[in-house]
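Shown next, in structure tokens, is the structure this report addresses.
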Amino acid sequence: MARVVVLDYGSGNLRSAERALQRVGADVEVTSDHRAAMEADGLVVPGVGAFAACMRGLLAAGGDKIIDHRLAGDRPVLGICVGMQVLFDRGVEHGVPTEGCGQWPGVVERIEADVLPHMGWNTVTAPQDSILFAGLDPETRFYFVHSFGVRKWEMPDSGGALPAPLVTWAEHGEPFVAAVENGALSATQFHPEKSGEAGAVLLRNWLGSL
């Protein structure tokens, strides 16, 4: 049974993420303890609300260092919603920039759409060789709640021995990044823990990759 820590840094649907992971067979602990977070087979970084507030909480808990250290050791990390957004270089809300974790280049900004927030079920376009979306029909819908996102993927293909990141897209008014798979680091803009059986399949796929 895979041991997973859901990082508690004061933001996110901690208990719903815990329950969803337990349902797909993980041994789950919700904690801010650095040692537990480092030693777990997988680390989940949730997040809801404003980018700046989540970054303040993450920094206060030392979560940015935990993510760095895990990835340096090729230890899997999964970001969810704003927990995905904070992995990028920066977020811009109401014209105010906030520095993110910088794991990926790019800017989290307001999506250009007639109706915001983007709230409800939506399809995604995943790469054919995706691990997270393996076994899921292209018409499968996932649950989104957000007004901000990554509108442009800025990381170039490695062009070397390392495989290029797999980027999944969705559309609400315009295309935006819905998920990324990049070695040990994965993330989703949508909430797999709120996405019913589709989310369970995705979480099960992630657990299987640990």
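Quick note: numbers below take in every heavy atom, side chains included, and nothing from hydrogens, waters or symmetry partners. Here the structure is a predicted model, which means the values were calculated and not measured.
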Applying salt bridge (Lys or Arg N to Asp or Glu O under 4.0 Å) to Glu39 and not counting sequence neighbours gives Arg35

Contacts of Glu139 meeting salt bridge (Lys or Arg N to Asp or Glu O under 4.0 Å) (sequence neighbours excluded), chain-then-number -> none

Residue pairs passing the salt bridge (Lys or Arg N to Asp or Glu O under 4.0 Å) test with at least one member in residues 47-72, sequence neighbours excluded, are none

In short, salt bridge (Lys or Arg N to Asp or Glu O under 4.0 Å) pairs touching residues 73-93 with sequence neighbours left out are none

For residues 201-210, the side-chain hydrogen bond (donor to acceptor under 3.5 Å, both in side chains) pairs (sequence neighbours left out) are none

Sorted by chain and number, sequence neighbours left out, ring pair (Phe, Tyr, Trp, His ring centres under 6.0 Å) with Trp169 holds for none

Original post:
Transitively linked via ILVMFWY side-chain contacts under 4.5 Å: Val77 with Ile66?
Top reply: yes

Applying side-chain hydrogen bond (donor to acceptor under 3.5 Å, both in side chains) to Asn122 and not counting sequence neighbours gives His118

Could you check if a side-chain atom of Val108 sits within less than 4.5 angstrom of a side-chain atom of Val92, using non-hydrogen atoms only? no

Would you say Val44 and Val82 are hydrophobically clustered, going by side-chain heavy atoms of ILVMFWY under 4.5 Å?
-> no

Open item on the list: Let me check something: do Leu166 and Phe88 share a hydrophobic cluster, defined by ILVMFWY side-chain heavy atoms less than 4.5 Å apart, either directly or through other members?
Closed with: no

Let me check something: any side-chain donor-acceptor pairs from residues 170-179 under 3.5 Å, sequence neighbours excluded? List them with distances.
residue : atom : partner : partner atom : Å
His172  : NE2  : Val115  : O            : 2.7
Glu174  : OE1  : Arg151  : NE           : 3.3
Glu174  : OE1  : Arg151  : NH2          : 3.3
Glu174  : OE2  : Glu112  : N            : 2.8
Glu174  : OE2  : Arg151  : NE           : 2.6

Between Leu78 and Phe133, is there a shared hydrophobic cluster once you connect ILVMFWY residues whose side-chain heavy atoms come closer than 4.5 Å?
-> yes

(request) Please find out if less than 6.0 Å separates the ring center of His146 from that of Phe144. (result) yes

Decide side chain to side chain contact (heavy atoms under 4.5 Å, CB included) for Phe190 and Ile80; before the verdict, give the C-alpha distance in whole Å, the side-chain angles of both, and the deciding distance to 0.1 Å.
CA-CA 7 Å; Phe190 56 84; Ile80 295 176; over 6 Å; no

Next on the checklist: Any side-chain to backbone donor/acceptor pair from Glu181 onto Ile131? Under 3.5 Å, distance only.
Outcome noted: yes

Residue pairs meeting salt bridge (Lys or Arg N to Asp or Glu O under 4.0 Å), one or both in residues 2-20, sequence neighbours left out, come to Arg15-Glu18

I'd like to know if the side chain of Ser11 and the backbone of Val48 have a donor-acceptor N/O pair within less than 3.5 Å. yes

* Asked: Hey, quick one: are Leu87 and Leu202 part of the same hydrophobic cluster, counting side-chain heavy atoms closer than 4.5 Å, chains of contacts allowed?
  -> no

Residues at least two apart in sequence or cross-chain that pass salt bridge (Lys or Arg N to Asp or Glu O under 4.0 Å) with Glu99, listed by chain then number, are none

Check: Do the non-hydrogen side-chain atoms of Pro46 and Val6 ever get within less than 4.5 Å of each other?
Finding: yes

**Study point:** Flag, side chain of Asn13 to backbone of Ser16, donor-acceptor distance under 3.5 Å
**Key:** no

Residue pair Thr31 / Leu7, side-chain heavy-atom distance below 4.5 Å
no

When every non-hydrogen atom of Cys54 is compared with those of Val86, the smallest separation belongs to CB-CG1, 4.1 Å

Hits for ring pair (Phe, Tyr, Trp, His ring centres under 6.0 Å) against Tyr143, two or more places apart or cross-chain, chain-then-number order -> Trp121

Heavy atoms of Trp104 and Ser186 approach each other most closely as CH2-C, 4.5 Å

Heavy atoms of Ala36 and Glu29 approach each other most closely as CB-OE1, 3.9 Å

- Task: May I ask you to decide if Ala198's main-chain N or O and Ser195's side chain share a donor-acceptor pair within less than 3.5 Å?
- Result: no

Quick note, salt bridge (Lys or Arg N to Asp or Glu O under 4.0 Å) partners involving residues 117-132, not counting sequence neighbours, are none

